[in-house]
Amino acid sequence: TDFSLSLQRQKEIWLTDELADIYIWNRRLQTKVEQEYLDMYSDYASKGEITDKEHRRLDKFAAALGIDKERIKEIEQPS
């Protein structure tokens, strides 16, 4: 039995590993960006009800960070 991997299979494994690393890096980046939004949201919420003006600021901040409205709803849900 030949236990060596073909060159093509080695390339496939390498590519899969690279894509996994990119996904993990991107997820960490996304999490950091989402945390920035959550920090601002929590700061406003800690003062009581979030005002319309604060909601508008949060919407602009989320847009600048590239966070869509569906994800905002998920982020704002209590754990």
Side-chain angles (χ1 to χ4, degrees):
T1 306
D2 183 11
F3 291 105
S4 64
L5 296 173
S6 71
L7 185 56
Q8 179 60 33
R9 183 66 184 130
Q10 289 175 20
K11 288 179 182 178
E12 289 170 3
I13 291 170
W14 179 83
L15 182 57
T16 301
D17 288 345
E18 285 296 304
L19 290 175
D21 289 345
I22 290 168
Y23 174 80
I24 291 167
W25 180 83
N26 189 41
R27 192 67 215 136
R28 284 187 190 137
L29 180 62
Q30 185 70 20
T31 302
K32 182 180 179 202
V33 167
E34 290 172 356
Q35 187 61 51
E36 289 181 40
Y37 176 84
L38 184 57
D39 290 345
M40 182 181 225
Y41 175 83
S42 297
D43 184 49
Y44 287 151
S46 70
K47 298 173 189 170
E49 190 172 331
I50 298 175
T51 66
D52 288 341
K53 185 176 182 178
E54 290 169 334
H55 273 295
R56 287 191 299 275
R57 284 185 187 152
L58 285 165
D59 288 345
K60 287 180 182 179
F61 190 53
L65 294 173
I67 303 172
D68 64 46
K69 292 191 183 292
E70 280 301 310
R71 184 64 185 135
I72 289 169
K73 289 178 189 175
E74 294 171 4
I75 293 169
E76 292 178 354
Q77 291 300 313
S79 301

Exercise for review: Would you check if there is a donor-acceptor pair between the side chains of E76 and Y37 at a distance under 3.5 Å?
Suggested key: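 Short answer, yes.
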**Study point:** R57 and E54 ion-paired at < 4.0 Å
**Key:**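 Between E54 and R57 there is no salt bridge, as every charged N stays at least 4.0 Å from the carboxylate O atoms.
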**Study point:** Criterion side chain to side chain contact (heavy atoms under 4.5 Å, CB included) against I67, the qualifying member of L38, I72, D59, L58
**Key:**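 With I67 as partner, L38, I72, D59, L58 yield a single side chain to side chain contact (heavy atoms under 4.5 Å, CB included), made by I72.
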Review point. What pairs with Q35 under side chain to side chain donor-acceptor pair (under 3.5 Å), at least two apart in sequence or on another chain?
Key: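 If we apply the side chain to side chain donor-acceptor pair (under 3.5 Å) test to Q35, skipping adjacent residues, the hits are D39.
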Practice item. Please examine the side chains of T51 and Y44, heavy atoms only from C-beta on, and report whether any two atoms are closer than 4.5 Å. Key: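 No; the side chains remain at least 4.5 Å from each other.
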Check your understanding: Can you check whether E74 reaches Q77 side chain to side chain, under 4.5 Å on heavy atoms?
Key ->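 Side chain of E74 against side chain of Q77, heavy atoms only: no contact under 4.5 Å found.
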Review point. What is the distance from atom CG of L65 to atom NZ of K32, rounded to the nearest 0.5 Å?
Key: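 If I round to the nearest 0.5 Å, the distance is 11.0 Å.
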Review point. Distance from K69 atom NZ to K73 atom NZ, nearest 0.5 Å?
Key: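 Reported to 0.5 Å precision, the distance equals 9.0 Å.
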**Study point:** Residue pair F61 / M40: nearest heavy atoms and the distance that separates them
**Key:**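 F61 and M40 have their closest heavy atoms at CD2-SD, 3.4 Å.
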